[in-house]
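Step one of this worksheet: look at the structure below.
Count residues from 1 along the sequence.
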Amino acid sequence: MHQIYSLNCIMILPSLFVAPTSSMGRGVFSSENIAAGTVVEQSPVIVMSAADRALLDQTILHDYIFEWGPDLNQCCMALGYIPLYNHSFNSNCEYEMDYEYNLIKVTTVRDIVAGQELFINYNGNWNDPTPLWFPVS
């Protein structure tokens with residue numbers, strides 16, 4: 001995997017903010033227009049073992065962790081805003097995992113208009129229509 005980490009990068013784009021949504025609790029929004037292809041966040045993760053995952057699956061944190069590692073036999077808790085991006089099958093962002101540097105990067109795949117919510121696809125690929133483990137409206 002290629003390196004996505006840079007010591008000179010902005011970890012969270014300053015225009016991003018967390019706010020209530022009409023139906024999904026909280027979400028990540030932008031106060032400014034953002035062009036497609038813009039890195040909006042690079043955040044470190046805390047990597048945990050499969051045994052830790054079994055315990056986390058019994059808590060509310062199950063809804064906020066990501067499968068992790070080349071064999072997906074670990075999990076991680078992303079820091080920053082990453083756990084608060086809501087899901088959409090028509091997402092406007094994608095995320096990429098850097099196992100070497102223990103980071104997740106979020107990049108826009110469409111232009112974002114000021115005030116718009118940023119979404120990722122929980123399946124891992126921004127345009128993957130595979131059903132999720134919970135009902136999606």
Side-chain angles (χ1 to χ4, degrees):
M1 173 172 279
H2 64 282
Q3 179 178 341
I4 62 173
Y5 178 71
S6 168
L7 292 176
N8 299 319
C9 74
I10 295 173
M11 297 304 279
I12 298 176
L13 200 65
S15 65
L16 298 189
F17 64 95
V18 175
T21 69
S22 59
S23 63
M24 296 186 217
R26 294 176 292 179
V28 178
F29 295 81
S30 179
S31 61
E32 299 177 2
N33 295 341
I34 304 173
T38 301
V39 175
V40 295
E41 182 167 0
Q42 276 192 119
S43 291
V45 302
I46 299 168
V47 178
M48 293 165 274
S49 68
D52 292 334
R53 167 77 186 263
L55 296 172
L56 289 169
D57 283 345
Q58 299 173 45
T59 74
I60 194 166
L61 289 178
H62 164 78
D63 293 337
Y64 297 95
I65 59 176
F66 289 78
E67 293 179 331
W68 191 258
D71 300 322
L72 302 179
N73 59 355
Q74 298 171 297
C75 71
C76 76
M77 181 70 198
L79 305 177
Y81 292 163
I82 289 178
L84 300 175
Y85 288 81
N86 286 312
H87 166 80
S88 175
F89 288 119
N90 190 28
S91 65
N92 50 20
C93 296
E94 65 181 346
Y95 64 92
E96 180 181 359
M97 298 175 172
D98 185 326
Y99 302 129
E100 181 179 355
Y101 290 96
N102 291 331
L103 295 167
I104 295 179
K105 175 176 81 169
V106 178
T107 305
T108 57
V109 295
R110 307 180 204 296
D111 290 341
I112 305 294
V113 177
Q116 184 176 8
E117 185 174 0
L118 284 71
F119 291 96
I120 60 175
N121 185 320
Y122 289 0
N123 285 317
N125 294 316
W126 69 272
N127 60 353
D128 184 342
T130 305
L132 296 175
W133 61 95
F134 63 91
V136 177
S137 54

Worksheet item: Asn92 versus Ile112: any side-chain heavy-atom pair under 4.5 Å?
Response: yes
Discussion item. Rounded at 0.5 Å granularity, tell me how far CG in Leu84 sits from CG in Leu118.
Written reply: 12.0 Å
Item to complete: Kindly indicate whether the side chain of Val40, heavy atoms from C-beta on, has any atom under 4.5 Å from the side chain of Ile34.
Response: yes
Practice prompt. Give the minimum heavy-atom separation between Ser91 and Arg110, together with the two atoms involved.
Written response: O-NE, 3.1 Å
Worksheet item: Do Glu117 and Tyr85 get their side chains close enough for a donor-acceptor pair, meaning under 3.5 Å?
Response: no
Worksheet item: How far apart are the closest heavy atoms of Val106 and Cys93, and which atoms are they?
Response: CG1-CB, 3.8 Å
Worksheet item: Distance from Trp68 atom CH2 to Asn73 atom CG, nearest 0.5 Å?
Response: 12.5 Å
Worksheet item: Are any non-hydrogen side-chain atoms of Leu103 and Val45 less than 4.5 angstrom apart?
Response: no
Practice prompt. Any chance you could measure Glu41, atom CD, to Leu79, atom CG, to the nearest 0.5 Å?
Written response: 9.5 Å
Item to complete: Please examine the side chains of Phe119 and His87, heavy atoms only from C-beta on, and report whether any two atoms are closer than 4.5 Å.
Response: no
Validation: residues 48-57 side-chain donor-acceptor distances under 3.5 Å, sequence neighbours left out:
residue	atom	partner	partner atom	Å
Ser49	OG	Ala51	N	3.3
Ser49	OG	Asp52	N	3.1
Ser49	OG	Asp52	OD2	3.3
Asp52	OD2	Ser49	N	3.2
Arg53	NE	Asp57	OD1	2.9
Arg53	NE	Asp57	OD2	3.3
Asp57	OD1	His62	ND1	2.8

Discussion item. Does any part of the side chain of Ser43, heavy atoms only, come nearer than 4.5 Å to the side chain of Tyr81, both counted from C-beta?
Written reply: no
Discussion item. Would you say Asn121 and Glu94 are linked by a side-chain donor-acceptor pair, where the criterion is simply a distance under 3.5 Å?
Written reply: no
Discussion item. What I'd like to find out is whether the side chain of Ile104 reaches to under 4.5 Å of the side chain of Phe66, using heavy atoms alone.
Written reply: yes
Item to complete: Kindly compute the distance separating CD (Glu96) from NZ (Lys105), expressed to the nearest 0.5 Å.
Response: 4.5 Å
Residues 13-22 side chain polar contacts: donor-acceptor under 3.5 Å, at least two apart:
residue	atom	partner	partner atom	Å
Ser15	OG	Ser30	OG	3.2
Thr21	OG1	Met24	N	2.7
Thr21	OG1	Gly25	N	3.2
Thr21	OG1	Gly25	O	3.3

Worksheet item: How many angstroms lie between OH in Tyr101 and CD in Gln42, if you round to the nearest 0.5 Å?
Response: 11.5 Å
Item to complete: Mind listing the closest non-hydrogen atom pair of Pro83 and Met77 along with its distance?
Response: CG-CE, 3.7 Å
Worksheet entry | side chain to side chain contact (heavy atoms under 4.5 Å, CB included) against Asn33, all qualifying residues, sequence neighbours excluded | Val113, Ala114
